[in-house]
Amino acid sequence: MPSIDMLEVLAETFNVSINELLAGEVLDDRSFRQKADENVMKIARSEMFSNKEKSDYWKKKWRKEHVVEFVISAVIALVFLIAAPIIFEEPIMSAFTPVVVLIEYIVLNNRMMGYVDKHMYDCEE
């Protein structure tokens with residue numbers, strides 16, 4: 001389906017309404033309303049992007065905007081991995097590194113999903 005801007009140009013060119021253009025026929029007053037409803041439903045069903053595509057877009061955008069946070073999280077994990085055995089004088093403390101990384105991942109992922117939901121569904125915060 002052409003873009004809405006192109007539909008306007010085509011409708012003007014052929015001297016018909018956009019509804020008639022979408023219906024593919026010149027409509028009388030009686031069938032105009034019925035075809036309008038059908039065309040609106042057809043367009044609503046065939047959105048340009050699926051929810052998965054929208055979700056993927058907003059996730060990718062959020063990740064690009066928060067690269068610094070990912071780097072900081074990686075540095076914190078490395079510091080914890082290296083410094084924990086030295087500070088606490090026990091190598092077992094470095095075993096907590098995966099726990100720290102998991103917590104950081106959960107926090108960042110929850111923030112990202114909130115961002116995605118807000119932008120996909122135009123939610124107010």
Side-chain angles (χ1 to χ4, degrees):
M1 177 174 293
S3 70
I4 192 68
D5 296 329
M6 183 57 76
L7 286 175
E8 288 176 330
V9 171
L10 288 171
E12 284 180 25
T13 302
F14 294 115
N15 198 26
V16 295
S17 69
I18 293 175
N19 188 34
E20 291 172 319
L21 190 63
L22 289 172
E25 60 185 293
V26 176
L27 302 170
D28 61 0
D29 289 338
R30 209 169 91 165
S31 61
F32 190 86
R33 183 179 204 126
Q34 179 184 1
K35 285 292 184 180
D37 290 343
E38 289 173 14
N39 289 332
V40 167
M41 293 306 294
K42 205 182 299 182
I43 289 170
R45 286 188 190 108
S46 66
E47 273 190 47
M48 291 184 79
F49 300 105
S50 69
N51 281 341
K52 172 137 178 51
E53 290 171 327
K54 289 178 194 174
S55 175
D56 290 344
Y57 168 79
W58 289 112
K59 285 178 185 178
K60 189 174 183 180
K61 185 174 185 324
W62 187 87
R63 287 180 184 127
K64 282 182 181 178
E65 292 174 355
H66 295 82
V67 170
V68 173
E69 289 181 48
F70 291 122
V71 171
I72 290 171
S73 295
V75 169
I76 289 171
L78 285 173
V79 166
F80 198 83
L81 181 65
I82 295 168
I86 297 170
I87 294 172
F88 299 110
E89 297 178 2
E90 292 185 31
I92 193 73
M93 291 307 287
S94 62
F96 289 113
T97 301
V99 174
V100 171
V101 170
L102 180 64
I103 291 170
E104 289 176 26
Y105 169 77
I106 290 170
V107 168
L108 289 174
N109 192 59
N110 283 341
R111 287 183 54 218
M112 177 181 65
M113 294 313 295
Y115 176 89
V116 169
D117 286 346
K118 177 181 179 278
H119 286 86
M120 275 186 65
Y121 305 111
D122 296 323
C123 298
E124 295 293 322
E125 282 188 43

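Remember, predicted model here, so these are calculated numbers, not experimental data.
By the rule that hydrophobic residues join a cluster once side-chain heavy atoms approach within less than 4.5 Å of another member, Phe70 and Trp58 end up as members of one cluster. Transitive grouping of hydrophobic side chains (ILVMFWY, heavy atoms separated by less than 4.5 Å) brings Tyr57 and Met113 into a common cluster. Hydrophobic clustering of Ile, Leu, Val, Met, Phe, Trp and Tyr side chains at less than 4.5 Å, counting indirect connections, unites Leu10 with Val16. There is a path of hydrophobic side-chain contacts, each under 4.5 Å, that joins Met112 to Met120.
Take Arg111 and apply the salt bridge (charged side-chain N to carboxylate O under 4.0 Å, His left out) test, not counting sequence neighbours, and it matches Glu69. Legend: residues meeting salt bridge (charged side-chain N to carboxylate O under 4.0 Å, His left out) with Lys52, ordered by chain and number and at least two apart, are Asp56. Scored by the salt bridge (charged side-chain N to carboxylate O under 4.0 Å, His left out) test, Lys61 finds Glu65 as partners (sequence neighbours excluded).
No side-chain heavy atom of Trp62 sits less than 4.5 Å from a side-chain heavy atom of His119.
Taken from CD1 in Ile106 to CG in Leu102, the straight-line distance is 4.0 Å, to the nearest 0.5 Å.
The side-chain contact (heavy atoms from CB on, under 4.5 Å) test with Ser73 singles out one residue from Val68, Leu108, Ile103, and that residue is Leu108.
Under a cut-off of 6.0 angstrom, the local environment of CG in Asn110 is crowded, with over 12 non-hydrogen atoms contributed by other residues, nucleotides or ligands.
The main-chain N or O of Val9 is found under 3.5 Å from a side-chain atom of Thr13 such that the two form a donor-acceptor pair.
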